[in-house]
Amino acid sequence: MLQPIFLSVPLSSWALVGGQSWPRRSITGYECLQWIEAMRLTRYFLPTLKETPADAQIVSHRLMLRSCMIRQEAAGIYSWLPLGLKVLRNIEQIVREEQNRAGAIEMLMPTIQPAELWRKSGRYEAYGKEMLRITDRHNREMLYGPTNEDMITDMFRSYCRSYKDVPKLLYHIQWKFRDEVRPRFGVMRGREFLMKDTYSFDVDAAAAMKSYNRMFVAYLNTFARMGLKAVPMRAETGPIGGDLSHEFIILADTGESAVFCHKDLVDMPPPGVDVDFDGDLQPLVDARTALYAATEDVHDAAAFAAVPKDKQLSARGIEVGQVFYFGTKYSEPMGAKITLADGSETPVHMGSYGVGVSRIAGAIIEASHDENGIIWPMEIAPFKVGIINLRQGDEATDGACETAYQNLCNAGLEPLYDDSNERAGAKFARMDLIGLPWQIIIGPRGLKDGLVEIKERASGARESLPLEAALNKVAAAYARLNG
RNA sequence: CGGGGAGUAGCGCAGCCUGGUAGCGCAUCUGCUUUGGGAGCAGAGGGUCGCAAGUUCGAAUCUUGUCUCCCCGACCA
């Protein structure tokens, strides 16, 4: 029954990153065989909803609930169901790859921290009710970390004493908890959220700017790979403190903050993955900070007025990342000092750089959906292609679907095969809802003439062609992505 | 934290004003017919009406308390 089909487009599962061969897609980020997850719908867990839960107000939240990505467990606290978890992992993996490329080193700090650390930095009382405070069985004061500056500064202090130990960029991807007064918008403003936070350690302010620029450029590439147009904007530093900060904002009507920027920034292409992170990044950063862009908190109406009228963009935005330079704000009180070449001591200069990994899942949907459901960018899609069997039980149809499934699996294209016995309409609606980039639609009518249908979710464009050509077309789209 | 609203079957809702032991649509299960954009018919299962006190012969319904969730605002990745 199964007919091997030769895919004319070579698929490389390995991409060149920083001169090394890395797995293109893996769960752990470590070198391993390419991780392929294909699935038959009847074996999967995907009870999609036809009706919208009443509590969900914004489109991304509604679609995430309907497509069975998440389930609310308490206000601002969610389970990530199988489909949602795959999306979350894909986002996380892009963030990880771009951090590694920029020279940051991954580690993992705990979610629970001792209160003592925060007393040392002077933040324990200052952070207020947003911090979830816990007492353990020995009556020790603990907290569920809302961020990790204090812990990493303490760690740096205990291991690094010399100017020779810097620069260092360390990051982790870990769950955070902030006891928001009013969680809302699903995962975009949860109390528990997954965040990538990087911390930089440098000898002085000038060196710290180089770290800042690394992260700035890494973020531009990170969001571009996710199909997002993120605009860096001057921003307030807030409780993290410091002198210099940019928020990376994607424009969306449902955004929480008002933003003002020069239109040219929106479509400015990313620096690209072949940037030399050890080279001078300042021109790249300057190109994106020369034009006016600011969030409402630091908005300067006069400066904005100087932007040509037809280039003024006043919109709403979702913050997906933020970079801070805060100098010695933590190293000073916590005694994280390094010895310089001349024997003198100086507090290490620090910055922190956050990406809201779980928030991005919602943000991408806000930026990419239509009335039928989600439209996933290729790199984010939980499965890369859906196979719709229009007549389960029909020998020719079942056979063609199996052939497609096996070949797509072999090609690493992570197909989701709808082998359920439901009616065509239900299958179409569900496949559109979960937003896989490509659909291969196979039924007896088309097969009579040796044809299957291929549909691109984003454009809705459909085309009838032989199975082999359809598979090759999807493979070609994926190969382009892998460069 | 101020202001508003809601908790009744997995989801969406009605019933409450005027107390009498719970109903509709979707979903689920069974059977038959269907099968190219969320099918039709027939049958079935599923709810201590958020929780706790109180009033009453009797409470989903009235009273009080309490918990949870949502929305608007202020605040935040």
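To find a chain, count down the sequence lines: A is the first, B the second, and so on, and within it residues start at 1.
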Ranking G73(B), G36(B), C70(B) by distance to the side chain of Arg184(A), first place goes to G73(B)
Among A77(B), C1(B), C70(B), which nucleotide sits nearest the side chain of Val181(A)?
-> C1(B)
The Watson-Crick or G-U wobble partner of G37(B), with both key distances under 3.5 Å, is none
Can you tell me how far CD of Gln174(A) sits from NZ of Lys176(A), rounded to the nearest 0.5 angstrom?
-> 6.0 Å
RNA chain B: 5'-proximal contact among Gly76(A) and Val355(A) (nearest heavy atom) | Gly76(A)
Identity of whatever pairs with G2(B) - Watson-Crick or G-U, under 3.5 angstrom = C72(B)
Watson-Crick/G-U partner (both atom distances under 3.5 Å) of A59(B) | none
Could you tell me whether the side chain of Phe216(A) reaches within less than 4.5 Å of the side chain of Met209(A), counting heavy atoms only?
-> no
As its Watson-Crick or G-U partner within any shown strand, both distances under 3.5 Å, C17(B) has none
Closest to the Arg430(A) side chain: C1(B), G36(B), G38(B)?
-> G38(B)
Complementary nucleotide for G25(B) - Watson-Crick or wobble, under 3.5 Å = C11(B)
For each nucleotide in nucleotides 2-12 of chain B, reading 5' to 3', give B when a protein heavy atom comes within less than 4.0 Å of its base, S when such contact involves only the sugar-phosphate, and - otherwise.
-> ---------BS
Side chain to side chain donor-acceptor pair (under 3.5 Å) between Trp438(A) and Glu456(A), intermediate numbers included | CA-CA 5 Å; Trp438(A) 295 92; Glu456(A) 186 181 16; 5.6 Å; no
Among A39(B), G37(B), A77(B), which is the nearest nucleotide to the side chain of Phe324(A)?
-> A77(B)
The nucleotide from G37(B), G38(B), A77(B) with an atom nearest the side chain of Arg178(A) is A77(B)
Should A42(B) form a Watson-Crick or G-U wobble pair with both distances under 3.5 Å, which nucleotide is its partner?
-> U30(B)
When rounded to the nearest Å, what value does the distance between P atoms of C11(B) and U48(B) take?
-> 14 Å
Please figure out whether His61(A) or Lys455(A) has its closest RNA chain B nucleotide nearer the 5' end.
-> Lys455(A)
Please state the C1' separation for the pair C62(B) and G20(B) - nearest whole angstrom.
-> 14 Å
Euclidean distance for P, G2(B) against U8(B) (whole angstrom) | 26 Å
Mark yes when over 12 heavy atoms from residues, nucleotides or ligands other than Glu256(A) sit less than 6.0 Å from its CD; otherwise mark no.
-> yes
Mind checking who A77(B) pairs with, Watson-Crick or G-U wobble, both distances under 3.5 Å?
-> none
Would you call the rings of Trp175(A) and Trp80(A) parallel, tilted or perpendicular, where under 30° means parallel and over 60° means perpendicular?
-> tilted
Taking any strand in view, what nucleotide pairs with U48(B) in a Watson-Crick or G-U wobble way, both distances under 3.5 Å?
-> none
A74(B) and C49(B): how far apart are their P atoms, nearest whole angstrom?
-> 40 Å
Nearest to the side chain of Arg391(A) - G37(B), U35(B), C72(B)?
-> U35(B)
Nearest-nucleotide pick for Ile441(A), side chain only, options being C70(B), G38(B), G36(B) | G36(B)
If the P atom of G40(B) is compared with that of C26(B), how far apart are they to the nearest Å?
-> 8 Å
OP1 or OP2 of A39(B) less than 4.0 angstrom from a side-chain nitrogen or oxygen of Arg423(A), does that happen here?
-> yes
Nearest-angstrom distance, C1' atom, U33(B) to A14(B) = 33 Å
Take atom C1' in C69(B) and the same atom in C51(B), then report the distance between them in whole Å.
-> 14 Å
Quick one: is Lys129(A) getting a side-chain N or O under 4.0 Å of the C1(B) phosphate, OP1 or OP2?
-> yes
For nucleotides A60(B) and U21(B), find the distance between their P atoms and express it as a whole number of Å.
-> 10 Å
